[in-house]
Amino acid sequence: MGPTRSPVRFRTLNNRVIPVSLPEEEVDDATTLATFWDHARGRFLEAQGRKKGEQGAGAPDQEQEEPLLFGGMAGNCKPRNPNETLRMMGMWLGRGIGPSTLTVIPVWRQLQALPTKAANSIPDPSSGLPVRPPAAFKTKQQLGGGDGHVLLLEHFEERPMFMLQPGMGVRLGTYYRRRGDDDTGHAALTAELRSARAEGQALPPTSAEPIPPGAPRPPWMIGTAHTLEPDSPSPFLDLGQIAPGTTQFAVDAGCYRAPASAHTTAATDFLLIRTAGSAALQLREITGTVLVGQQHPAAPVWAPGSQDAVRFEESRLQAYVRRSLINAQQRLEKRADASGVPPQATVSLAELISKFSRTGLSKEGAIQKLLTEDCECVPVGAPAEGLYALRPDAKQLSEAELRKLVTPELCARYEALLAGIGFRNSMGLNVGALAEMEAIREKAPERLGVALEQLPLHSEGRQAAAIVEMALVAAPWHLSEAYQHVLREGRPGMLLALTGIGDPTGRGRGFSFVREDARRLAREEAKPAEGLARREDGTITGTDADLRKLPHARAGELLRTKFNMSAEEVDALGRWARIDAIRTKCRPSRLADATNPPIRN
């Protein structure tokens with residue numbers, strides 16, 4: 001008697017299928033699932049790479065341990081009892097096996113611990129292993145988190161302006177501000193970093209095994225050491241001062257810079273990694289966690305329909321077309337006969353329209369123009385097919401040149417634009433109406449606030465107006481542009497609101513980069529509060545002066561002399577905290593109404 005058809009097959013995590021065929025005389029309606037597993041165990045362990053000599057120290061002997069069995073028909077996977085019979089599983093019809101097949105995935109209760117290639121140390125220079133780009137990450141597969149260092153970035157903001165893209169580099173660094181010429185604190189920071197790199201911990205510190213007292217911190221907790229002179233500007237401009245003799249950890253991602261705090265992870269926290277296109281799972285330790293504060297944009301986000309945004313979409317299409325043609329040509333050359341000439345690779349116009357349907361290049365005419373001008377392609381075949389191929393005299397672009405067309409930093413700026421558009425769409429806002437309101441706001445910014453203040457309190461219309469106001473003034477392209485103009489370029493007559501709508505934390509713990517109207521603010525400052533006499537000092541509220549232009553030292557002097565604050569209280573306040581304290585003491589009720597109206601709460 002020959003073997004019967006296999007009603008059960010076992011699948012490994014790397015998608016290898018192990019069918020089981022038993023002699024016909026050994027199979028009946030009482031044959032259990034455990035019987036099939038006993039016949040498949042050896043081949044399964046070999047295919048899974050779990051043979052006895054490959055297990056780590058202290059790992060359970062998985063050839064003796066009984067796994068959990070999961071399986072079922074398509075779309076109905078569930079735990080299976082090893083004692084289930086073919087009849088109980090509905091796979092025995094009459095006197096023989098039915099046409100269906102059961103796929104079973106064995107899962108062990110205990111994991112096999114395998115050390116990563118580089119837990120928390122830098123490879124030896126003699127090993128020849130690259131430790132930094134571009135040599136370290138030449139392919140997309142090398143960007144996986146299965147080996148090497150893995151840091152998790154936790155954002156303090158509810159709505160971060162930028163999100164990291166695959167392949168996007170991040171620099172970690174620590175800034176130290178010297179007290180004077182004889183301050184050598186930066187030398188101690190550099191020595192700690194050098195000692196940490198030389199020591200190289202075998203495993204990252206956790207809450208259960210913290211850094212021993214006096215031991216150097218891991219290199220990732222320090223990053224690159226930066227020294228600031230006493231009069232050097234802060235890396236966070238006027239919104240984040242670093243006191244003399246202190247340090248500040250920071251994250252620099254190219255398109256933004258943010259203060260950060262590095263800390264160890266809990267001993268019970270692990271990272272579960274699933275490989276795309278495979279059922280393989282990896283559970284590994286986490287090198288550390290970095291809490292990222294508010295982002296300070298290094299470059300503005302493009303506005304919808306702007307020249308920069310359109311130029312990026314064109315570059316993205318050009319890079320996609322060139323890569324598609326290169327890959328298609330390589331496949332054709334491999335399949336071509338040794339004596340024959342391989343056909344020319346082509347790209348379909350319909351495919352490009354489908355892939356770029358959500359961009360400004362969704363129209364057929366725009367894509368055809370880019371194909372012929374920027375991509376150096378010509379139409380081939382029948383016109384109805386819509387196929388394009390490279391011209392014979394077209395310039396061949398290398399991979400490095402294609403990567404310069406679409407960098408991860410440019411993708412992050414474009415994704416920030418799409419996030420702003422997505423917020424508007426999710427709120428059901430009309431694009432045309434918003435464009436008209438934005439045009440009005442550019443000419444007369446105060447008209448929007450006046451219109452909102454006239455709406456009845458707690459009405460549905462006022463709530464809707466609050467959403468409209470956020471979509472208008474707190475769009476990422478408006479916030480990043482205001483930050484660029486006010487703090488980086490210092491344009492006169494432009495201010496930031498700093499509080500209220502636009503705060504990305506959603507809890508009043510961040511700065512609002514909404515552009516403030518300087519003329520309206522000057523008029524507001526010129527109005528004396530009820531029952532408050534004008535003060536003789538020209539920089540105090542009640543005149544045409546702007547408190548935001550008040551110097552740090554002068555603000556502290558006013559708090560001590562005019563408001564009777566102690567020197568200790570004043571020294572503990574930064575510049576903006578001193579300005580806020582002066583405002584609060586001058587007119588607390590009017591200030592609260594001006595900066596936090598009910599619509600924004």
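All of these numbers come straight from a predicted model, not from anything done at the bench.
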- [ ] Give a yes or no on whether R509 atom CZ has more than 12 heavy-atom contacts from other residues, nucleotides or ligands under 6.0 Å away.
- [x] no

Open item on the list: Any donor-acceptor pair under 3.5 Å linking the side-chain atoms of Y483 with those of H296?
Closed with: yes

Name every donor-acceptor pair, under 3.5 Å, that has one atom in a side chain of residues 342-351 and the other anywhere in the protein, sequence neighbours excluded.
| from | atom 1 | to | atom 2 | distance (Å) |
| --- | --- | --- | --- | --- |
| Q344 | NE2 | L390 | O | 2.8 |
| S348 | OG | A350 | N | 3.3 |
| E351 | OE2 | Y320 | OH | 2.6 |

- [ ] May I ask you to decide if the ring planes of W37 and F44 are parallel, tilted or perpendicular, using 30° and 60° as cut-offs?
- [x] perpendicular

Open item on the list: So, applying side-chain hydrogen bond (donor to acceptor under 3.5 Å, both in side chains) with T35, which one of T32, D38, T31 is it?
Closed with: T32

Open item on the list: For R11 and T103, which I'm curious about, is there any donor-acceptor pair between the side chains at under 3.5 Å?
Closed with: no

Task: Interatomic distance, L405 atom CG to E401 atom CD [nearest 0.5 angstrom] - done: 8.0 Å

- [ ] Kindly determine whether E313 and Y414 satisfy side-chain hydrogen bond (donor to acceptor under 3.5 Å, both in side chains), including the steps that lead there.
- [x] CA-CA 9 Å; E313 292 174 348; Y414 186 71; 2.7 Å; yes

Task: Salt bridge R413-E409, side-chain N to carboxylate O under 4.0 Å - done: no

TODO: Spell out, as yes or no, whether a donor-acceptor pair under 3.5 Å connects the side chain of R159 to the backbone of G502.
DONE: no

Task: Minimum side-chain heavy-atom gap M163-H155 below 4.5 Å - done: yes

Task: Nearest-0.5 Å distance, CD of residue E157 to CE of residue M161 - done: 7.5 Å

Task: Heavy-atom pair with the smallest gap, counting every atom of L397 and L402 - done: CD1-CD2, 3.9 Å

Table please: side-chain donor-acceptor pairs of residues 352-360 below 3.5 Å, with sequence neighbours left out.
| from | atom 1 | to | atom 2 | distance (Å) |
| --- | --- | --- | --- | --- |
| S357 | OG | S354 | O | 3.2 |
| T359 | OG1 | F356 | O | 2.9 |
| T359 | OG1 | L361 | N | 3.2 |

TODO: May I ask you to decide if Y175's main-chain N or O and T247's side chain share a donor-acceptor pair within less than 3.5 Å?
DONE: no

- [ ] Using salt bridge (charged side-chain N to carboxylate O under 4.0 Å, His left out) as the criterion, list what pairs up with E192, not counting sequence neighbours.
- [x] R217

Open item on the list: The criterion is salt bridge (charged side-chain N to carboxylate O under 4.0 Å, His left out); which residues satisfy it with R322, sequence neighbours excluded?
Closed with: E376

- [ ] Applying side chain to side chain donor-acceptor pair (under 3.5 Å), name anything that partners Q330, two or more places apart in sequence or on another chain.
- [x] none

- [ ] Measure from the side-chain N and O atoms of R171 to the backbone N and O of T224, and report whether any donor-acceptor pair falls under 3.5 Å.
- [x] no

Task: Straight-line distance of F236 CZ to F511 CZ, nearest 0.5 Å - done: 11.5 Å

TODO: Step by step, work out the side chain to side chain contact (heavy atoms under 4.5 Å, CB included) result for C255 and M168.
DONE: CA-CA 10 Å; C255 57; M168 188 171 175; 3.3 Å; yes

- [ ] For the residue pair F162 and V301, establish whether any side-chain heavy-atom pair is separated by less than 4.5 Å.
- [x] yes

Open item on the list: With rounding to the nearest 0.5 angstrom, report the CE to CZ distance, M427 to R424.
Closed with: 12.5 Å

TODO: Verify, without hydrogens or angle tests, whether S195 (side chain) and A191 (backbone) share a donor-acceptor contact under 3.5 angstrom.
DONE: no

TODO: To the nearest 0.5 angstrom, please state how far the CG atom of L69 sits from the NZ atom of K78.
DONE: 13.5 Å

Open item on the list: Let me confirm one number: the OH-CG distance from Y176 to L189, rounded to the nearest 0.5 Å.
Closed with: 9.0 Å

Open item on the list: Which residues pass the salt bridge (charged side-chain N to carboxylate O under 4.0 Å, His left out) test with R257, not counting sequence neighbours?
Closed with: D252

Open item on the list: I want to check something: taking the side chain as every heavy atom from C-beta on, are S207 and T265 in contact at a cut-off of under 4.5 Å?
Closed with: no

